[in-house]
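First comes the structure, then the notes that go with it.
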Amino acid sequence: MATTQFGEAVRRWRDRVSPQDAGLPVGGHRRAPGLRREELALLAGISVDYITRLEQGRAVNPSEQIIEALARALRLSDAERALLFRLGGLQPPGPERVSARITPSVQRLLDRMTGTPVAVFDAAWTLLVANPPYAALMGDPSGWRGLERNAVWRNFLGLNNRVRHTPGSRAAFLSAMAADLRSVAATYPNDPRLKQLVSALLESSETFAELWSTGGTGVHETARKTIRHPYVGDVTLDCDVLTVAGSDLHIMVYSAEPGTGDAERLALITALGTQSLDTRSLVG
């Protein structure tokens with residue numbers, strides 16, 4: 001019964017979200033004002049087939065990540081999100097867990113920053129959402145799964161990183177990331193996913209293990225970065241990491257000084273990216 005109710009709830013909430021509300025282009029004849037299944041799939045980073053099976057009650061035991069992604073894509077309130085978790089047979093994550101909840105105020109901020117590369121990470125630096133300019137600048141993250149979605153993992157394992165570093169700047173950056181993660185681990189000592197991330201890093205990266213053993217804590221902060229884009233070349237940008245009162249979310253924003261060559265290259269990157277990405281690259 002819960003599985004059927006889960007699918008019915010997803011369908012009901014999908015019908016009430018307009019493409020405009022979700023930042024999607026509207027074109028052609030639409031029989032209903034809500035999101036199509038393929039649009040919800042794109043927003044949540046879930047296959048259309050899986051959403052179909054969820055709505056029809058043929059898919060059972062959706063994971064916490066799936067439910068969280070659907071809640072974000074459907075723009076559910078806190079009460080609706082909690083209900084979706086319960087309908088999926090799970091308890092909503094409590095305060096002892098790293099939250100993947102994007103607040104309505106942060107969502108509105110994302111909706112308005114359509115021409116600026118923006119990504120939102122949870123406290124442990126797992127990517128929650130990235131807009132098309134960010135995907136164009138840093139590489140499309142829509143296909144990343146599991147640990148691939150975590151920035152600490154990607155940086156220590158050297159996965160698809162377009163940011164240029166000198167040996168010194170890379171060492172300082174990795175040290176800051178490890179110290180930041182240790183601070184988060186101290187704040188959420190009982191989070192099982194965070195424990196799994198740290199264990200995987202300790203097993204897979206000698207550099208991380210060495211930094212972790214020092215016991216240092218800290219925060220990964222704003223920096224100026226040079227990104228090597230495959231089509232445009234090097235572009236140097238300010239990377240600001242914003243925080244929201246009452247939330248552990250990290251909002252990463254890239255910008256260039258107006259009137260500079262970097263600003264022109266960033267505009268070109270954004271234009272090139274939006275030609276190949278019909279809508280935002282939300283990943284759940």
Side-chain angles (χ1 to χ4, degrees), residues 1-94 99-115 118-120 122 127-135 141-142 244 246-247 249 251 274 277-284:
M1 179 64 70
T3 301
T4 301
Q5 291 177 343
F6 183 94
E8 291 173 349
V10 170
R11 175 58 187 270
R12 181 171 65 252
W13 286 325
R14 175 166 67 84
D15 285 343
R16 79 176 185 186
V17 180
S18 71
Q20 297 96 321
D21 289 341
L24 297 173
V26 181
H29 174 70
R30 303 181 70 93
R31 290 180 293 179
L35 295 175
R36 295 165 175 155
R37 281 176 178 160
E38 58 268 25
E39 292 170 333
L40 177 57
L42 176 66
L43 292 170
I46 302 168
S47 72
V48 178
D49 176 69
Y50 188 61
I51 287 179
T52 300
R53 289 188 286 117
L54 281 173
E55 290 189 352
Q56 294 176 349
R58 295 186 291 113
V60 298
N61 301 322
S63 69
E64 179 180 316
Q65 295 90 334
I66 290 292
I67 297 174
E68 197 71 76
L70 287 170
R72 285 198 300 271
L74 293 168
R75 299 173 177 239
L76 301 186
S77 67
D78 289 342
E80 291 167 340
R81 170 178 171 269
L83 175 59
L84 191 64
F85 268 94
R86 289 194 291 271
L87 291 176
L90 299 174
Q91 287 298 315
S99 176
R101 171 70 166 157
I102 294 181
T103 63
S105 61
V106 171
Q107 186 61 62
R108 289 192 295 271
L109 178 66
L110 292 172
D111 291 342
R112 286 161 175 76
M113 300 183 71
T114 56
V118 183
V120 181
D122 69 13
L127 180 64
L128 301 178
V129 55
N131 69 0
Y134 182 93
S142 61
V244 181
S247 171
L249 297 176
I251 305 174
T274 54
L277 293 172
D278 292 334
T279 183
R280 68 181 64 183
S281 294
L282 298 190
V283 289

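We number each residue from 1, following the sequence as shown.
- One finds the CZ atom of Arg12 at 11.0 Å from the CG atom of Leu74 (value rounded to the nearest 0.5 Å).
- Summarising the geometry of Leu127 relative to Ala119, their closest heavy-atom pair is CD1-CB, 3.8 Å, with the distance given to 0.1 Å.
- To the nearest 0.5 Å, the span separating CZ on Arg108 from CZ on Arg75 amounts to 10.0 Å.
- Across all their heavy atoms, Gly88 and Ile67 have their closest contact at CA-CD1, 4.2 Å.
- Annotation: side chain of Ile66 is in contact with side chain of Ile46 (closest heavy-atom distance under 4.5 Å).
- Nearest heavy atoms, Ala9 versus Leu87: CB-CD1, 3.8 Å.
- Heavy atoms only, all atoms of each residue included: Val118 and Met113 are closest at CG2-CE, 3.8 Å.
- We find the CG-CZ distance between Leu76 and Phe85 to be 10.0 Å, quoted to the nearest 0.5 Å.
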Would you please test Val10 and Leu40 for side chain to side chain contact (heavy atoms under 4.5 Å, CB included) and show each step? CA-CA 10 Å; Val10 170; Leu40 177 57; 4.0 Å; yes
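- Remark: Ile51 CD1 to Glu39 CD distance equals 11.0 Å, nearest 0.5 Å.
- Under the 4.5 Å side-chain criterion, counting only non-hydrogen atoms from C-beta, Arg72 is not in contact with Gln107.
- The distance from atom CZ of Arg14 to atom CG of Leu70, rounded to the nearest 0.5 Å, is 11.0 Å.
- Here the CG atom belonging to Leu35 is positioned 11.0 Å from the CZ atom belonging to Arg11, to the nearest 0.5 angstrom.
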Side chain to side chain contact (heavy atoms under 4.5 Å, CB included), that's the test. Do Arg101 and Asp78 meet it? Break it down for me. CA-CA 9 Å; Arg101 171 70 166 157; Asp78 289 342; 2.9 Å; yes
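- Gly115 approaches Pro133 most closely through the heavy-atom pair C-CG, 4.1 Å.
- At a threshold of 4.5 Å between non-hydrogen side-chain atoms, the residues Asp49 and Arg53 count as touching.
- For the pair Leu128/Leu249, a side-chain contact is recorded, criterion being any heavy-atom separation below 4.5 Å from C-beta on.
- In this structure, Ser99 and Glu68 have side chains that are not in contact, with every pair of non-hydrogen atoms separated by 4.5 Å or more.
- Heavy-atom minimum distance, Leu54 versus Pro62: CD2-CB, 4.2 Å.
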